[in-house]
Amino acid sequence: MAVKKKTTKKKSTPVRKASGGPKKMHGEVFYPSKEVVAQANLKNWDALAKSAAKDLQGFWAKEAKELEWFKPWKKTLDDSKKPFFKWFADGKVNIVHNCIDRHLKTSRRNKLAFIWESEDGKEHRTYSYYALNREVSRMASIIKSLGVKKGDRVTIYMGRIPEIVFAMLACAKVGAIHSVVFGGFSVDALQGRIEDSASKLVIICDGSYQNGKLIELKRIADEAIVRCPSVENVLVVRRTSHDVPFQQGRDHWYHEMLETPIAKERFPTEVMDAEDPLFILYTSGSTGKPKAILHTHGGYMVGTYSTLKYVFDIKDEDRWWCAADPGWITGHSYIVYGPLLNGATSFLYEGGPTFPNPGRWWQLIERYGITILYTAPTAIRGLMRFGEEWPNQFDLSSLRLLGTVGEPINPEAWKWYFTVIGKEKCPIMDTWWQTETGMFMITPTPVVPLKPGSGTRPFFGQEAEIVDEQGKPVKDNEEGYLVLKKPWPAMLRTIYKDPDRYVSQYWSKYPGRYMTGDSARRDEDGYFWIIGRVDDVIKVSGHRLGTAEVESALITHPAVAESAAIGLPHEIKGQAIFCFVLLKPNINGTPELAEELRQHVAKTMGAIARPEEVRFVDKLPKTRSGKIMRRVLKARAQGLPEGDLSTLEE
Ligand code: WTA
């Protein structure tokens, strides 16, 4: 067991003239230490930033050439039909070839690709690259036997077990498009996503564990699938072994299929066009249904490979732990694809940070010698509350870099992470990006001087700007809308089946520039500070949810006439969901009903969407055209000025 260790407060020497920052800087700055600069793969940030700015395509072409292509591309960037950009067009590739097949020809075949531990700590599994190929091939041959062809959509709905990774890679290997639905979502959310993608096959597990409790994924999936006529087959991975209903003909146990001659340990990797879709991932937008963000084999591959390599300085001896869920973009890019493209060893953990106690994560870091930890501010804040006694019981000296993503990190949490976890020797990579961007967009690298709460500057080849409503750049330190000025290889290509929405959502307000939906400011050193979403997207514990989805869940309850959901600041979660509900006539707004509505949202959408509070109102503030003014509700709930009310109905 772990021995109680004293925190060593040995400070390392900061390098003030590191290449990654302006000469004289403003505010509180943490410079990289000599040790960090000495081990960094990329020492000269400025030089690379300069050359990438001069020759964007040259930069990305060079990165792409570090990977293997079945046939070289003709044009690095084709912007002739912008905003429908193409990258590496006419190139032939498959991301799985670069994630797995390529490594089998080298000594990396024996290297661990994944280390996995179960939530209860009783099971451990490891997979070398060689073994990973076997597992993915077996899954690929099985899904092919179930009729999945190139271009078909496959929905994946599972807990955090190695098979979710195999399933994603198996789809990519045969050229199918995966659509992973976060295992914390429930019936309606799952149904909507299966229906929209018209998936033929759904891959699930019987159940998953969450804080010691069994989540009956198959029962949830069954409820959703009966309403989805496109689904022909369901492949069920056994995880919990509890009794589940089984529909003969439609449902197939994975472990049983593995015993048949259908399962092949070697299976060919499909040759794909660089621009062929790799996956769709549903994410919340400002209005209406979640939108399916589409990413492709070639560009996404190059973007995730290159960003992980530079930002987390990946080396062969690292043990990388991205503590996100594979069901979100962070998991897609930096649990599955980015690490494998870099030939890294990843740790995958089934559970969450505080079960059975708040020392669990720190125990795992010691147990597996994790060198880089990448997580969300909400997890840091949640763990910080239990005090340093927990991390101090474990040896965290293997750590060399830390990372954060998903929402702005408050300086207090940053400093705790830096001091208590990183012992002041691990720089924190605050990476700003989105489901749509596919890869880190505003981020430091280890040699860049840091300011707590800022993601520093755009990644190589990118330029960001803060603009006002009309699209005019604002002054330093003024708040405005964050836009991106250059295309990048891992950019979303479209919204699946809805190209018009792709154009209107991202490229119409500020022509020629990508609208992020975030507000931010840039300081006098050119550092970006993200403030938050400007649309109706709420980030609850770093998870992206839309007010519209919560409202549609509420409206399915028989007592609800109308509702409005908003996000309000929350100490641990960053933001929490508050709902205002107008009841149908003659229904009383009792505390019991409020509780019932909270549970109703959790049951239909998933526990992450459970509102913090439900308040009953007689009226909702609306514009004369009938749009709910969430801004007014937000201000009122926080006791803030309500701003311009001239468009209010009455
Ligand atoms: C927010 C997550 C501040 C932002 C990868 C963005 C952040 C949204 C950061 C995308 C960060 C992400 N600092 N805010 N480092 N990273 N965000 O699609 O509002 O789940 O627009 O992708 O998360 O959320 P998504």
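We count ligands from 1, going down the list as the structure has it; atoms in each ligand are counted the same way.
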Pair His332 and Tyr337, ring centroids less than 6.0 Å apart: no

Under the side-chain contact (heavy atoms from CB on, under 4.5 Å) test, residues paired with Pro339 that sit two or more places apart: Leu308, Trp320, Ala344, Ser346

Pairing residues for Phe166 by the ring-ring contact (aromatic ring centres under 6.0 Å, His included) criterion, not counting sequence neighbours: Tyr127

Check against side chain to side chain contact (heavy atoms under 4.5 Å, CB included), Phe459 and Met439: CA-CA 10 Å; Phe459 187 73; Met439 63 180 224; 4.2 Å; yes

Test ring-ring contact (aromatic ring centres under 6.0 Å, His included) applied to Tyr334 - qualifying residues, sequence neighbours left out: Trp433, Phe440

Between Phe85 and Trp60, ring centroids under 6.0 Å: no

Per-ligand residue contacts, ligand 1, heavy-atom threshold under 4.0 Å: Ile329, Thr330, Val405, Gly406, Glu407, Pro408, Asp430, Thr431, Trp432, Trp433, Gln434, Thr435, Asp518, Ile530, Arg533, Lys539, Arg544

